[in-house]
Amino acid sequence: MSSVRVRFAPSPTGELHVGGARTALFNWLFARKHKGVFILRFEDTDIERNRPELIEPIIESLRWLGLLWDEGPYFQSQRFSLYREWAERLLNEGKAYKCYCTPEELEQKRQRALAAKQKPLYDRRCRALSPQDEEKFMREGRQPALRLKIPESGTIIVNDAIRGQVEFDLAELDDFIILRSDGRPTYNFAVVVDDITMGITHVIRADEHLNNTPKQMLIYQAFGHPVPVFAHVPMVLAKDRSKLSKRHGATAVFEFRDRGILPEALVNYLARLGWSYGDQEIFSREELIEKFSLEAIHPSAAIFDEEKLLWVNQHHLKTSDPKRLGELVRPFLVKLGILSEAEAHAVPSEKLVQMVVLFRERARTLAELAEPARYLFTDNFSHDPEAVQKFLTPEKIPLLEGLAGALAAVEPFTATEIERATRAYLDSQGKTLKEIAQPCRVALTGRTTGAGLFETMELIGRERVIARLRRASLAQQPQASL
RNA sequence: GUCCCCAUCGACUAGCGGUCUAGGUCACGGCCCUUUCAAGGCCGAAACGGGGGUUCGAAUCCCCCUGGGGACGCCA
């Protein structure tokens, strides 16, 4: 069995978005599954649109997702001489020819064809240029581009692992340019030269390239090289079924990272988007590798659903190591303006672990998980006026103050002991927990929702609990804050 | 305009000719649990785009239509 070699080949014209990330993921999974090689290659032949500053973020996104490559990154911009060499080979063998038409002339014809509702195809006028014509063009100082000489009729069949056989009529294609007049290769040519020289066995890429495939196959044919296996994965669409773009909100991998999505959750969700394994929804990285197959990729485009991502994220939040989550939450303490850099750094990791364990079931993101820190680790939080209005009623205040007294003596100040003392105090007052739980919660946290009351108290700590209970009445006043 | 791809609940999907009164998951609604919110459990509403064939039998195979998407550059 020849070993599998696949590649992810982004062009640095934008951030890595979820669609690209999924393509990378499928390549990576396929490589891991077959103990093959995953190659990273930047397709940066377009000097004008290229943004070198985007290369690092793309790399960083892949690293964050855990999609590590085995080879590369390669840069097409550093391989221009190679493409030129390969193109000249084709020229010498008569499989390519020089075209002296100027971009302006071609663009004009193209527009005319489009206006006449015709398919714009090159008219092959330079295919049989006389030596005199050629000399004339050269005297004019025109630099020729190189075009591939393709058969004028017949069909070409793409054998796709996901879509089966797709037939293209060669009459739909033209002698396309492989080398620009300035000596740079065009996309289709560079891709094929790279895929051949890098020994790529499986080309797993987005659906939008299916139409390029016959062209690329013609280049393979010109070089007398067997074609790899093609697998065109469906697109990821936005809610309105259009191509995912900035106006649809979060699309970049980084945006999800910054909102507190776990990389394994994004990977899990992206894998399930267009791919499935029976009824299973939650997968670890290892399970994905084990169970992934190209054949199980659903052929139709899929809509990116943030709600489900959040659900998957919550699932991973619930099962991930609390220690790790604690450290992942730490930066959010600063980002959410809860603590200063120094304060966040000073929070003992045990405290963070306790918070994580206590709140992970009700958090869908790391950001949500960090939120309770506001009242757990600082006094800098506000009371929800509605909650105060509803629960911190005058008749509850003495009860809370009494409870504060009862808690002063609790030793150690743990959830179990706090509960014992609280219940004892309530018994003595002939009250039930239900009567005081919410008022107590509002006094302590400023809100009506949260984790178990006694665990929360333990985490807040004796001093603060007592102080907040004693000052519960102050929260009554408008704008009051403890 | 031409070419290509796609088509099951609102969303992701299972289904690969009979086991489908179409299953699971998210979201939605209800109930239970409960100190709140979650989580969890139970229940519910919700789909084979339309029309022709093929077949004893079609969500599954074929054709047409419709709808959606993509491509048609000296962009990638």
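Letters A, B, ... are given to chains in the order of the sequence lines, protein chains preceding strands, and every chain is numbered from 1. Because the structure is a prediction, the values reported are computed rather than measured.
- Judged by closest nucleotide on RNA chain B, Asn211(A) is the one of Asn188(A) and Asn211(A) placed further toward the 5' end.
- Among the heavy atoms of the strands lying under 4.0 Å from Leu106(A) is at least one base atom, whether or not backbone atoms are also near.
- No salt bridge links Arg51(A) with Asp46(A); every basic N to acidic carboxylate O contact stays at or beyond 4.0 Å.
- The NZ atom of Lys119(A) sits 4 Å away from the C1' atom of C72(B) (whole-angstrom rounding).
- Base-pair partner of A22(B): not found among the strands shown (Watson-Crick or G-U wobble, both distances under 3.5 Å).
- Using C1' as the reference atom, C48(B) and U60(B) are 10 Å apart when rounded to the nearest Å.
- For the P atoms, the distance from A59(B) to G52(B) is 14 Å, rounded to whole Å.
- In this structure, U35(B) makes no Watson-Crick or G-U wobble pair, since no nucleotide meets both defining distances under 3.5 angstrom.
- Residue-level contact check: Arg49(A) touches the bases, meaning some heavy atom is under 4.0 Å from a base atom.
- Within the nucleic acid shown, Ser11(A) comes within 4.0 Å of sugar-phosphate atoms alone, with no base atom in reach, counting heavy atoms only.
- Phosphate proximity of A76(B) to Thr45(A): present, with a side-chain N or O under 4.0 Å from OP1 or OP2.
- Rounded to whole Å, the distance from CZ on Phe176(A) to C1' on C72(B) is 13 Å.
- Using a 4.0 Å heavy-atom criterion, one finds that Leu433(A) contacts the bases of the nucleic acid, with or without backbone contacts as well.
- Between the side chains of Tyr83(A) and Asp194(A), at least one donor N or O lies within less than 3.5 Å of an accepting N or O.
- The pair Glu287(A)-Arg285(A) does not count as a salt bridge, with every side-chain nitrogen at least 4.0 angstrom from each carboxylate oxygen.
- The side chain of Lys308(A) has G24(B) as its nearest neighbour among C4(B), G24(B), G73(B).
- Within the 4.0 angstrom heavy-atom criterion, base atoms lie near Cys101(A).
- Between the CZ atom of Phe80(A) and the P atom of C74(B) there is a distance of 16 Å, given to the nearest Å.
- The distance from atom OH of Tyr83(A) to atom P of C74(B) is 19 Å, rounded to the nearest whole Å.
- Across all strands shown, G1(B) is found opposite C72(B) as a Watson-Crick or G-U wobble partner, with both distances under 3.5 Å.
- For the pair His298(A) NE2 and A11(B) P, the computed distance is 12 Å after rounding to whole Å.
- Nucleotides C61(B) and U54(B), compared at atom C1', are 8 Å apart to the nearest Å.
- The C1' atoms of C26(B) and C20(B) are separated by 23 Å, rounded to the nearest whole Å.
- Residue contacts for Gly452(A): at a heavy-atom cut-off of 4.0 Å it reaches a base atom on one of the strands shown.
- Nucleic acid contact class of Asn212(A) (heavy atoms, under 4.0 Å, all strands): base.
- Distance Trp311(A) CH2 to A38(B) P: 17 Å, rounded to the nearest Å.
- Note that CD of Glu368(A) and CZ of Phe332(A) are 11.0 Å apart. Values are rounded to the nearest 0.5 Å.
- At a threshold of 4.0 angstrom between heavy atoms, the contacts of Glu281(A) include nucleobase atoms, whether or not backbone atoms are also involved.
- Across all strands shown, Ala451(A) has heavy atoms under 4.0 Å from base atoms, whether or not it also approaches the sugar-phosphate.
- A salt bridge links Arg142(A) with Glu105(A): at least one charged nitrogen is closer than 4.0 Å to a carboxylate oxygen.
- For Leu273(A), the side-chain atoms get nearest to C12(B) when compared with the rest of C4(B), U2(B), C12(B).
- Ion pairing between a basic and an acidic side chain is recognised when a charged N comes within 4.0 Å of a carboxylate O; Glu255(A) and Arg259(A) show no such pairing.
- In this structure, His315(A) places its NE2 atom 11 Å from C1' of G40(B), rounding to the nearest Å.
- Within the nucleic acid shown, Ile303(A) comes within 4.0 Å of sugar-phosphate atoms alone, with no base atom in reach, counting heavy atoms only.
- Using a 4.0 Å heavy-atom cutoff across all strands shown, Arg241(A) reaches sugar-phosphate atoms only and no base atom.
- Using P as the reference atom, G23(B) and C37(B) are 32 Å apart when rounded to the nearest Å.
- One finds no salt bridge joining Lys318(A) and Glu361(A) here, because no Lys/Arg side-chain nitrogen approaches an Asp/Glu carboxylate oxygen to under 4.0 Å.
- Under 4.0 angstrom from either OP1 or OP2 of G73(B) there lies at least one side-chain N or O belonging to Arg110(A).
- Residue contacts for His209(A): at a heavy-atom cut-off of 4.0 Å it reaches a base atom on one of the strands shown.
- Distances were taken from every side-chain heavy atom of Thr186(A) (C-beta onward) to each of U35(B), A76(B), A71(B); the shortest belongs to A76(B).
- Nucleotides A11(B) and G73(B) place their P atoms 34 Å apart, quoted to the nearest Å.
- Within the nucleic acid shown, Thr449(A) comes within 4.0 Å of at least one base atom, counting heavy atoms only.
- Here Lys318(A) reaches the OP1 or OP2 of G40(B): one of its side-chain N or O atoms lies under 4.0 Å away.
- Spacing between A58(B) and G53(B) at atom C1', rounded to whole Å, works out to 12 Å.
- If you check every strand for non-hydrogen atoms under 4.0 Å, Tyr269(A) touches nothing.
- When both distances must be under 3.5 Å, the Watson-Crick or G-U wobble mate of A14(B) does not exist.
- Judged by Watson-Crick or G-U wobble contacts below 3.5 Å, the nucleotide C9(B) has no partner.
- Between the P atom of C5(B) and the CZ atom of Arg205(A) lies a distance of 16 Å, rounded to the nearest Å.
- Salt-bridge check for Arg163(A) with Asp207(A): passed, with a basic side-chain N closer than 4.0 Å to an acidic carboxylate O.
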